[in-house]
Amino acid sequence: MSYFAKMRGGAAHPPRVGLREIFWSFVGAMAGIGLVAWLHEDVVGPAGLTMLIGSFGASAVLLYGAPKSPLAQPRNLLGGHFLSALCGVAVRLCLPGPHWLVCALAVAGAIALMHATGTLHPPGGATALIAVTGGAKLYALGFLYAVVPALSGALVMLGVALAVNNLAPGRRYPEYWF
């Protein structure tokens, strides 16, 4: 098959989900992001830390919208965010610039690390990118960024995923732990 012919696609479109699935995805995302945001505002924010990062929005899609996906399983969620955060901080501290290279290396390194450890979680790429673009408040955290917010926020979202996804008839989460 030629290079450009591959871009036409060819697989069938996946079926749409029903209202029950939409409802439980909504409830999970609302509870997961709501709890992390509340902890950010009322618990860790006053201590000068942060709990809420943009990549958790993408994790919510996987955890609550596609809980059977291999990319949504606990190992991937926790390892993906934690290792990607470590990678992003390490790249930022070791490579002063140019900024485009720091960004690219943080994300590429995080993907390679997640692949090597069996923890591929697409939002982890954003977690690594946030580590190098997040600004002074996140930079000041140094490697603590991998624990708060990356790992701790992922743990909160995991707890909500366990509770909500197993309340829903026909859902089971996780498919596996390790």
Side-chain angles (χ1 to χ4, degrees), residues 1-11 14 28-29 32-33 36 40 44 49-162 165 173-178:
M1 182 178 274
S2 78
Y3 178 74
F4 291 106
K6 291 179 184 180
M7 295 180 197
R8 285 191 298 230
I33 296 296
V36 172
H40 170 76
V44 300
L49 297 172
T50 188
M51 186 79 161
L52 188 62
I53 52 177
S55 53
F56 288 156
S59 290
V61 173
L62 288 168
L63 289 173
Y64 314 118
K68 290 182 183 278
S69 168
L71 304 173
Q73 301 311 304
R75 172 189 175 97
N76 299 72
L77 169 72
L78 301 176
H81 279 294
F82 181 71
L83 294 173
S84 294
L86 288 176
C87 182
V89 172
V91 168
R92 182 177 49 78
L93 293 175
C94 294
L95 187 63
H99 193 62
W100 68 266
L101 181 58
V102 173
C103 292
L105 188 57
V107 174
I111 292 170
L113 185 57
M114 288 186 288
H115 266 309
T117 58
T119 59
L120 191 66
H121 184 66
T127 298
L129 187 59
I130 291 165
V132 299
T133 62
K137 186 173 181 179
L138 287 180
Y139 296 167
L141 294 174
F143 285 105
L144 181 59
Y145 170 73
V147 178
V148 178
L151 182 60
S152 58
L155 282 166
V156 169
M157 292 183 65
L158 174 60
V160 172
L162 290 168
N165 285 329
Y173 182 83
E175 295 294 308
Y176 53 87
W177 282 90
F178 296 101

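Bear in mind that the values here come from a model prediction, so they are computed numbers and not experimental data. We use all heavy atoms of the structure for the numbers below, so side chains are in, but hydrogens, waters and symmetry mates are not.
For the atom pair Ser2 OG and Arg8 CZ, the distance stands at 6.5 Å (nearest 0.5 Å). Atom CD of residue Gln73 and atom CG of residue Leu158 lie 10.0 Å apart, to the nearest 0.5 angstrom. For the atom pair CG of Leu62 and CE of Met157, the computed distance is 9.0 Å after rounding to the nearest 0.5 Å. A distance of 10.0 Å separates NE2 of His121 from OG1 of Thr119, quoted to the nearest 0.5 Å.
Counting only residues at least two apart or in different chains, side-chain hydrogen bond (donor to acceptor under 3.5 Å, both in side chains) contacts with residues 91-109 are absent.
Asn165 contributes no side-chain N or O that, together with a main-chain N or O of Pro67, makes up a donor-acceptor pair within less than 3.5 Å.
For Val132 against Ala106, the heavy-atom pair with the smallest separation is CG1-CB, 3.9 Å. In this structure, Lys137 and Leu49 approach most closely via the heavy-atom pair NZ-O, 3.7 Å. Closest heavy-atom contact between Val89 and Gly142: CG2-O, 3.5 Å. Between Ser55 and Ala126 the shortest heavy-atom distance is CB-CB, 3.5 Å. Nearest heavy atoms, Gly109 versus Cys87: C-SG, 3.5 Å. Across Ala72 and Leu63, no two heavy atoms sit closer than the pair O-CD2, 3.3 Å.
Crowding of Tyr176 atom OH: a count of heavy atoms from other residues, nucleotides or ligands under 6.0 Å exceeding 12.
At least one side-chain heavy atom of Ile130 sits under 4.5 Å from a side-chain heavy atom of Tyr145. Looking only at side-chain heavy atoms (C-beta outward), Cys103 and Leu129 come within less than 4.5 Å of each other. With a 4.5 Å cut-off on side-chain heavy atoms, Pro149 and Leu141 count as touching. Side-chain atoms of Leu138 and Thr50, non-hydrogen and from C-beta on, do get closer than 4.5 Å to each other. Two residues are said to be in side-chain contact when any heavy atoms from C-beta on lie closer than 4.5 Å; Val156 and Met51 meet this criterion.
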For residues 74-86, which side-chain donor-acceptor pairs fall under 3.5 Å, sequence neighbours excluded?
from	atom 1	to	atom 2	distance (Å)
Arg75	NE	Gly118	O	3.0
Arg75	NH2	Thr117	O	2.4
Asn76	ND2	Leu120	O	2.8
His81	ND1	Thr127	OG1	2.7
His81	NE2	Ser59	OG	2.6
Ser84	OG	Gly80	O	2.7
Ser84	OG	Gly124	O	3.3

